[in-house]
Number of protein chains: 4
Amino acid sequence: MPETRKPNPARRSERSRQAILDAARELISEMGYAKVSIEAIAARAGVGKQTIYRWWPSKGAVVFDSFLALSQDPEGEGMALPDTGDLEADLKLVMRATVAELADPAFEAPIRALNLEIINDPDLAAQYREKLADPVDEVKKERLRSAQRAGQLDADADLDLVLEVLYAPLHHRWLHRSGPLTAGYADALVDATLRAFRPAGEITPGS
Amino acid sequence: MPETRKPNPARRSERSRQAILDAARELISEMGYAKVSIEAIAARAGVGKQTIYRWWPSKGAVVFDSFLALSQDPEGEGMALPDTGDLEADLKLVMRATVAELADPAFEAPIRALNLEIINDPDLAAQYREKLADPVDEVKKERLRSAQRAGQLDADADLDLVLEVLYAPLHHRWLHRSGPLTAGYADALVDATLRAFRPAGEITPGS
Amino acid sequence: MPETRKPNPARRSERSRQAILDAARELISEMGYAKVSIEAIAARAGVGKQTIYRWWPSKGAVVFDSFLALSQDPEGEGMALPDTGDLEADLKLVMRATVAELADPAFEAPIRALNLEIINDPDLAAQYREKLADPVDEVKKERLRSAQRAGQLDADADLDLVLEVLYAPLHHRWLHRSGPLTAGYADALVDATLRAFRPAGEITPGS
Amino acid sequence: MPETRKPNPARRSERSRQAILDAARELISEMGYAKVSIEAIAARAGVGKQTIYRWWPSKGAVVFDSFLALSQDPEGEGMALPDTGDLEADLKLVMRATVAELADPAFEAPIRALNLEIINDPDLAAQYREKLADPVDEVKKERLRSAQRAGQLDADADLDLVLEVLYAPLHHRWLHRSGPLTAGYADALVDATLRAFRPAGEITPGS
DNA sequence: GCTTAACCGAGACGGTACGTCTTGTCTTTCC
DNA sequence: GGAAAGACAAGACGTACCGTCTCGGTTAAGC
């Protein structure tokens, strides 16, 4: 058995781990993902390079973990979408917030970096879905199920598909910079999605 | 004025240009975008590095051009989507073909490489839209306008939005590997899009 | 007083000490002094690195001790040069043996390693003279004193000088690989030395 | 054919070569051979590391070349030992100068460094003999031949052996720090050597 | 016989240097 | 004057060791 020597996680220095993740996040904000080197992360964190190589397989993995750590800083639970009973209003609120977040230049570099990693590395993509995307999607689906029970959404709709129709155009337009991200665009996506997954039997009110 | 010396395009060696673009495409297929270096491209093309630096500002630009060259190999015109009069059937045909293309492992590496470049570099993104995306989208929109005239699509629909709702979910799912790409998925996207942009006044047939 | 904590020699593990010295000797034979690391010695000896650092100040000291241990394996006494009454014959015997030893490739790496250490580190050089060179030289000088009493060597000769004239050329030629080490060469050195330190008043027999 | 790519010597930058050799010499004087790293040499010389690795196989080779360059700075010819007709006086003069040189602490570190390299690396040893030792020895042998013609040295003596008997003890004592290096010691070595290689037939004058 | 200090193996740590690879510039030589 | 060839300064890569520093486990003194 080849069995590459594995480090003993029990001995891992929590102080170093935190310093590395912090340094990674700082450097990405400061100079952009592509220009960040592992050497720079180690230097900024006051850590030997080997300590990074010991615990992470690649720069991407470090960067990914640094995002993960951010998202899980709070207790991680209790997140929920607003549920006023008016699905359209609630979704527009959330989509407009998402649009605003993506338009914030402070988020620009890190989120693009995260997307680059995910596109490149199937392992990180899987981890991303499991640790970040799926939990968030579950919260959104919960709101959609509530809407299904309230008769505001087709009870047979595939909720994964609903979320994709709702979010993918926004994400794609942001990623490719192929159009403006405005509140009106957010609203239009919500409208289109609700038309597509309106409960069966309703009279079409026109687009 | 410092005025960085600019090369005279008239003197450009067509032989070298082709060799470089070919080498770039080959190497990306063989070893993936991230592992391709300008040195390797130059060596494979039998070209001095300076010849690459003289005509392209970055590796991304070379790679991008190598794709551009591919897409424009044919006369570049006359491309048109099928128009049998049945929008749903025509779209499903096209979407199923797109799904099949994305699932082809031979396309995997190069298309991901292209997407990486576009995400990273706003200039390339603009060039991409202008040279590759917009012409293709125009062809698609032409089919949609035909459908609008035939009363199969809401005459007031924003065709850019229609295309996004139709394609972005597919593209996103492929990019993030967040779900299977099947013919059924292609059909579901067409169905959802047609429901969302159905002409006003129609009776909902159910999802 | 800061007083760096000193280890208690009474607690020293004899098993570890032996394993370390053995590992050091083995590794030097296998890969040459320069390529042997303390980590490798520790790993081969099945010992923690700290156990080496606790008892030796440097790699050189370990290596030196490993040689020392070798030379002192026997009871360490009773060594004596042959004394047949014929100084020339006795010296030629010993010198030819020395030549043979130096020509043995198995001795090559370790003895060079030892010389490197001695040249580099005055402390080790002093220890070397005290523990290894001086006792051996004393044995040789005893034979020379016997020759002086027998009138075969100048009674006033500086025996340290005699030994240097006898051995240094051989050692130098080996160290610098500046010439062949043969039995004839050994004889020539003995002849030259005896001519240089022949008792006063003798008739020169020619070289 | 494996054929490791070889750099083209015609393109070699003389400026870089000199800067590297100078930096190497300076650093060895300042911090001792063992503590000098290739990185430090490159940094001091204002040169990329690759430029060193391109032209020298090892640190030892750089250091060796830096000595070589020193010794060949002058026209390299015309060196000759004094020849007053009195061999003993001439040799004592030269040997006392050698003793003084070895005792000079400024020479200590670099010459020890050079010896370490030679002992370790047969290739460098061969180069050392060819480029440095042999030419110097030839000058010395020329003086000895003059003495042979003058009847002050055995005409049949092996001059290589004479030089070894004369110099090796001194070199060995310095290298191993096994005794004081004094003018008296220099004289004693000359005396012993002359006794050993006195022309045949002479009456022994006593030691 | 119980406690306790020290040694032990193991190996993570902050570092330094290694030797290799690539970048983008510069220079030389050929066509 | 464009192009091949490739040396150059710069600096990141991932690896190997350095010498120090915990960790538990295990002896062996000293009570």
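In what follows, chains are A, B, ... by sequence order, proteins preceding strands, each numbered from 1. None of these values were measured; they are calculated from a predicted model.
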Spacing of [X] atom [atom1] relative to [N] atom [atom2], expressed in whole Å:
| X | N | atom1 | atom2 | result |
| --- | --- | --- | --- | --- |
| Glu14(A) | dA12(E) | CD | C1' | 14 Å |
| Glu39(D) | dT20(E) | CD | P | 13 Å |
| Ile52(B) | dG2(F) | CD1 | P | 17 Å |
| Arg44(A) | dG14(E) | CZ | P | 16 Å |
| Ile41(B) | dG24(E) | CD1 | C1' | 14 Å |
| Lys59(A) | dC13(F) | NZ | P | 7 Å |
| Gln18(B) | dA3(F) | CD | P | 14 Å |
| Arg54(A) | dG15(E) | CZ | C1' | 12 Å |

Arg25(B) side chain reached by Asp22(B) side chain, heavy atoms, under 4.5 Å:
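Yes, at least one pair of side-chain atoms sits under 4.5 Å.
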
Heavy-atom side-chain proximity of Asn120(C) to Arg112(D) below 4.5 angstrom
no

More than 12 heavy atoms of other residues, nucleotides or ligands under 6.0 Å from CZ of Arg15(D): yes or no?
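Incorrect, the count does not exceed 12.
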
Identify whether the distance between the nearest side-chain nitrogen and carboxylate oxygen of Arg44(B) and Glu30(B) falls below 4.0 Å.
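Yes.
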
For Arg12(D), report the nucleic acid contact type (base, sugar-phosphate, nothing); a contact means any heavy atom under 4.0 Å.
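Contact class for Arg12(D): sugar-phosphate only.
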
With heavy atoms under 4.0 Å as the rule, sort Trp55(C) into base, sugar-phosphate or nothing.
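Contact class for Trp55(C): sugar-phosphate only.
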
Lys35(B) or Ser16(C): which one's nearest nucleotide on DNA chain E is closer to the 5' end?
Ser16(C)

Taking the nucleotide of DNA chain E with the closest heavy atom to each, which residue, Val47(A) or Thr51(C), is nearer the 5' end?
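Looking at DNA chain E, the more 5' nearest nucleotide goes with Thr51(C).
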
Hey, which of these two, Ala45(D) or Gly46(B), hits DNA chain F nearer its 5' end, going by closest nucleotide?
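The 5'-side residue here is Gly46(B).
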
Sub-3.5 Å pairs of nitrogen or oxygen atoms, protein against nucleotides 20-29 of chain F:
residue : atom : partner  : partner atom : Å
dC21(F) : N4   : Gln50(C) : NE2          : 2.2
dC23(F) : O2   : Arg11(A) : NH2          : 3.1

Where the side chain of Ser13(B) is concerned, which of dT22(E), dA3(F), dG19(E) is the nearest nucleotide?
dA3(F)

Side chain to side chain contact (heavy atoms under 4.5 Å, CB included) between Arg17(A) and Trp56(A), worked out
CA-CA 10 Å; Arg17(A) 199 185 128 272; Trp56(A) 288 277; 4.0 Å; yes

Could you state the interatomic distance from NZ (Lys131(A)) to CZ (Phe67(A)), rounded to the nearest 0.5 Å?
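If we round to the nearest 0.5 Å, Lys131(A):NZ and Phe67(A):CZ are 15.5 Å apart.
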
Nearest atoms (heavy-atom pairs only) where Ala24(D) meets Val62(D)
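Shortest heavy-atom contact: CB-CG1, 4.1 Å.
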
